[in-house]
Amino acid sequence: MISVLIADDELAVCQLVNHLIDWDGLQMERLDYASNGLEALEMIEEQRPDIVITDIRMPGLSGLELIRKTREQNIPVSFIIISGYREFEFARQAIQYGVEDYLLKPIQEKELNSLLYRLGSQIQKERTQKSEEISSSDYQTEVEASVRKRWLDQIFRGEILGLGKIDDINRQYSYHFCQGDFVVWKLRICSQEPNQESSVPLLLPPLIESFKETMSSFFVEMEGIFDENRGHFLANALDSDGRREELWHQAAEDWREKQQSRYGDFLITLAGSRKFSNLAAFRDADRETENSICKGLWLGMDHYFRGIGISSESIWNSSLENQLEKVFLSLDREKTKNEIHRLVDHQGKQDPENYLARYEVLNFCISTLERCVSQMAGTETEENRNFRFLCKKCSSWNQIIKISEAYQEELLEQAISSRKVQVALPIRTIQQYMKEHYAEKLTLEDMAELVHLNPAYVSGLFKKEVGMNFSDYLTDLRLEQAKVYLRQAEWNLSEVAALVGYSDVRYFSRTFTRVVGITPKEYRRLHR
């Protein structure tokens, strides 16, 4: 049986699709519905459906993001996108990046079943061919490819720090490295149109294979992986002279220009490191190419960059962190923004060619602000990954600065709110205590001791937060409760006064008359 997953945030749409499909005739079975993109991804990972029918717009992950993440994991799934008329052109464009087909709303029963029949036939055919053709050697090749990519992913993510000896790497990870020259490349793709951004990850796999094919003649070993909007490559050649190195850089540059012409709606940046003879130098080469990619934020994300020699670290240190923290805690927008600009500019002046370090200093600044907000709130908060994600999609430094400043404003508002809560908290504690103990003898000194603050400070803070002084607030509390008792026949005037904290009934009557405007007896007659 061929399994089908239906994903849409509207249950009615899921039920409609389910009703329209001829399950028995198509020899298909339905998995549980997925109500959002994240749930759909989890079900794909766990249940491995053959076909997924998904809306193009869903909470958590959109349909295209769902496809991208599934493709990244190399899970064999056929996707059908459901789109409205407005997303029609977008859906059509998505097909060329790995979507099998689309359905335009309102969904037609005949069209849906015809499409499922075609996909089902294709899947059955592929199953038959695979069972006939796959041999133990084919399986071994697939395993080796997976192991190779896993190792490469780990070293680019920094999960493997000491790379070890070449012979050990070859034996453990199915590579064929030799003593010679290594080079690192990074590929970055930016969309020039916001509505095409989701298509970027779908472009990467074919571009990575194309680049490997173009460069394979120069190297004995080359592998590439991708994540989000960029690709990463490591290549190895026999010892080469400067002329051969020049040839492979020229080939890489020519390839980039060709792809840029082909995908004109996207900006393609490619950066290659200088050659290095020992894998121990991989970290420096990786940072070198990352710096070259960052250089594109200033010069344009449609270039080929060769390695730039850079220092390994930024200027950031604990002293700068403490300095920025003090400025931020003043809750002054302009001072905070200017201080961050000053720190980033200072990094640029210290090492003009270290573009990556400027980006790192900006991120260090934002992380410091996030930590301050967490401490002020008194809770641990997760890093705002949305900010970093948006920065990774930017194609210019100006865009990053705009996103950064907007996020700074957001963090400052959170800090101001936390500060207000901190200031108001002792007064709220006092108010709650007074509401529960208004009939007792309460003094400002007692309340100040309750919250461990100076009485004079509490007096000013109370008036600022509540709008009246402590004694007037206590009087209001007592008289409001007195009104409740006066409306009840069982209490006489002396008892009412005692119940709300007055031992002298005449003083109670005078106070009530002054504040309310009528005597307690008149109030009782009016409210019986």
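Crowding of Gln27 atom CD: a count of heavy atoms from other residues, nucleotides or ligands under 6.0 Å not exceeding 12. The 12-atom threshold is not exceeded at CZ of Arg262, counting heavy atoms of other residues, nucleotides or ligands nearer than 6.0 Å. Applying the 6.0 Å contact sphere to CG of Asn322 captures more than 12 heavy atoms from other residues, nucleotides or ligands. Remark: Gln124 CD is packed, more than 12 non-hydrogen atoms of other residues, nucleotides or ligands lying under 6.0 Å away. When the shell of 6.0 Å around OH of Tyr117 is examined, it contains 12 or fewer heavy atoms from other residues, nucleotides or ligands.
Take Arg171 and apply the side chain to side chain contact (heavy atoms under 4.5 Å, CB included) test, not counting sequence neighbours, and it matches Asp168. In this view, Lys149 and Glu223 satisfy the salt bridge (Lys or Arg N to Asp or Glu O under 4.0 Å) rule, not counting sequence neighbours. Qualifying salt bridge (Lys or Arg N to Asp or Glu O under 4.0 Å) partners for Glu325, counting only residues two or more places apart in sequence or in other chains: Arg371. The salt bridge (Lys or Arg N to Asp or Glu O under 4.0 Å) check on Glu253 picks up nothing, with sequence neighbours excluded. For Arg157, the side chain to side chain donor-acceptor pair (under 3.5 Å) test picks out Asp153, with sequence neighbours left out. Evaluation of the side chain to side chain donor-acceptor pair (under 3.5 Å) rule for Ser396 yields no partner, not counting sequence neighbours.
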Does Arg287 form a salt bridge (charged side-chain N to carboxylate O under 4.0 Å, His left out) with Glu360? I'd like the steps, not just the answer. CA-CA 12 Å; Arg287 186 173 176 82; Glu360 288 175 334; 2.9 Å; yes
Ring pair (Phe, Tyr, Trp, His ring centres under 6.0 Å), that's the test. Do Trp151 and Tyr173 meet it? Break it down for me. CA-CA 7 Å; Trp151 176 80; Tyr173 302 106; 5.7 Å; yes
Give the intermediate values and the outcome of side-chain contact (heavy atoms from CB on, under 4.5 Å) for residues Phe79 and Arg71. CA-CA 11 Å; Phe79 280 95; Arg71 297 288 188 246; 3.8 Å; yes
List the steps, then state whether side-chain contact (heavy atoms from CB on, under 4.5 Å) holds for Phe219 with Val183. CA-CA 10 Å; Phe219 302 100; Val183 61; 3.8 Å; yes
Test side-chain contact (heavy atoms from CB on, under 4.5 Å) on Lys186 and Thr269; report intermediate values, then the result. CA-CA 8 Å; Lys186 288 183 184 288; Thr269 309; over 6 Å; no
Given the rule in the side-chain contact (heavy atoms from CB on, under 4.5 Å) test, do Ile56 and Ile82 qualify, once you have shown the distances and angles that lead to the verdict? CA-CA 6 Å; Ile56 202 168; Ile82 301 174; over 6 Å; no
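At a cut-off of 3.5 Å, with distance as the only test, no side-chain donor of Gln260 or Tyr304 sits close to an acceptor on the other residue. Using modelled atom types, one finds a donor on one side chain and an acceptor on the other under 3.5 Å when comparing Gln323 with Glu339. With no hydrogens or angles considered, a side-chain donor-acceptor pair links Ser404 and Gln408 at under 3.5 Å.
The backbone N or O of Gly264 lies less than 3.5 Å from a partner atom in the side chain of Gln192, making a donor-acceptor pair. Gln250 places no side-chain N or O within donor-acceptor distance of the main-chain N or O of Glu246, the cut-off being under 3.5 Å. Ser261 places a side-chain N or O within donor-acceptor distance of the main-chain N or O of Glu257, the cut-off being under 3.5 Å. Put simply, the side chain of Asp181 never gets that close to the backbone of Asn236: no donor and acceptor are under 3.5 Å apart. Side-chain N or O atoms of Arg48 include one that pairs as donor or acceptor with a backbone N or O of Glu45 at under 3.5 Å. In this structure, the side chain of Glu221 engages the main chain of His176 through a donor-acceptor pair within 3.5 Å. Side chain of Glu65 to backbone of Ser62: a donor-acceptor contact under 3.5 angstrom is found. Judged by distance alone, the side chain of Asn229 and the main-chain N or O of Val200 form no donor-acceptor pair under 3.5 Å. Under a 3.5 Å cut-off, the side chain of Trp23 and the backbone N or O of Asn18 do form a donor-acceptor pair. The backbone N or O of Ala285 lies less than 3.5 Å from no partner atom in the side chain of Ser273, so there is not a single donor-acceptor pair.
No side-chain heavy atom of Tyr175 sits under 4.5 Å from any side-chain heavy atom of Val147. Side-chain contact between Glu409 and Glu405 is absent, with no heavy atoms from C-beta onward closer than 4.5 Å. Taking the side chain as every heavy atom from C-beta outward, Trp248 and Met215 approach each other to under 4.5 Å. Between Leu234 and Leu152, some side-chain heavy-atom pair lies under the 4.5 Å cut-off. Under the 4.5 Å side-chain criterion, counting only non-hydrogen atoms from C-beta, Leu26 is in contact with Ile21. Put simply, the side chain of Lys295 does not reach to within 4.5 Å of the side chain of His303, judged on heavy atoms. Between Thr54 and Ile80 the shortest side-chain heavy-atom distance does not fall below 4.5 Å. Arg127 is listed as a side-chain neighbour of Ile2, based on a closest heavy-atom distance under 4.5 Å.
Between Glu72 and Arg68, at least one side-chain N (NZ, or NE/NH1/NH2) sits under 4.0 Å from a carboxylate O, which counts as a salt bridge. Ion pair Glu10/Arg57 not flagged as a salt bridge, since none of the NZ, NE, NH1 or NH2 atoms sits closer than 4.0 Å to an Asp/Glu carboxylate oxygen. Residues Lys105 and Asp55 are paired through a salt bridge, judged by an N-O separation under 4.0 Å between the basic side chain and the carboxylate. Salt bridge annotation for Asp302-Arg256: absent, with no cationic side-chain nitrogen under 4.0 angstrom from a carboxylate oxygen.
Taking the centre and axis of the six-membered ring of Trp298, the NZ or CZ atom of Arg358 falls inside the cone set by 45° and 6.0 Å.
Between atom CG of residue Leu203 and atom OG of residue Ser210 there is a gap of 12.0 Å, rounded to the nearest 0.5 Å.
A centroid separation of less than 6.0 Å is found between the aromatic rings of Phe233 and Phe211. For Trp185 and Phe218, the ring centers sit 6.0 Å or farther from each other.
Aromatic ring pairs are classed by plane angle as parallel below 30°, tilted from 30° to 60° and perpendicular above 60°; the pair Phe156 and His232 is tilted.
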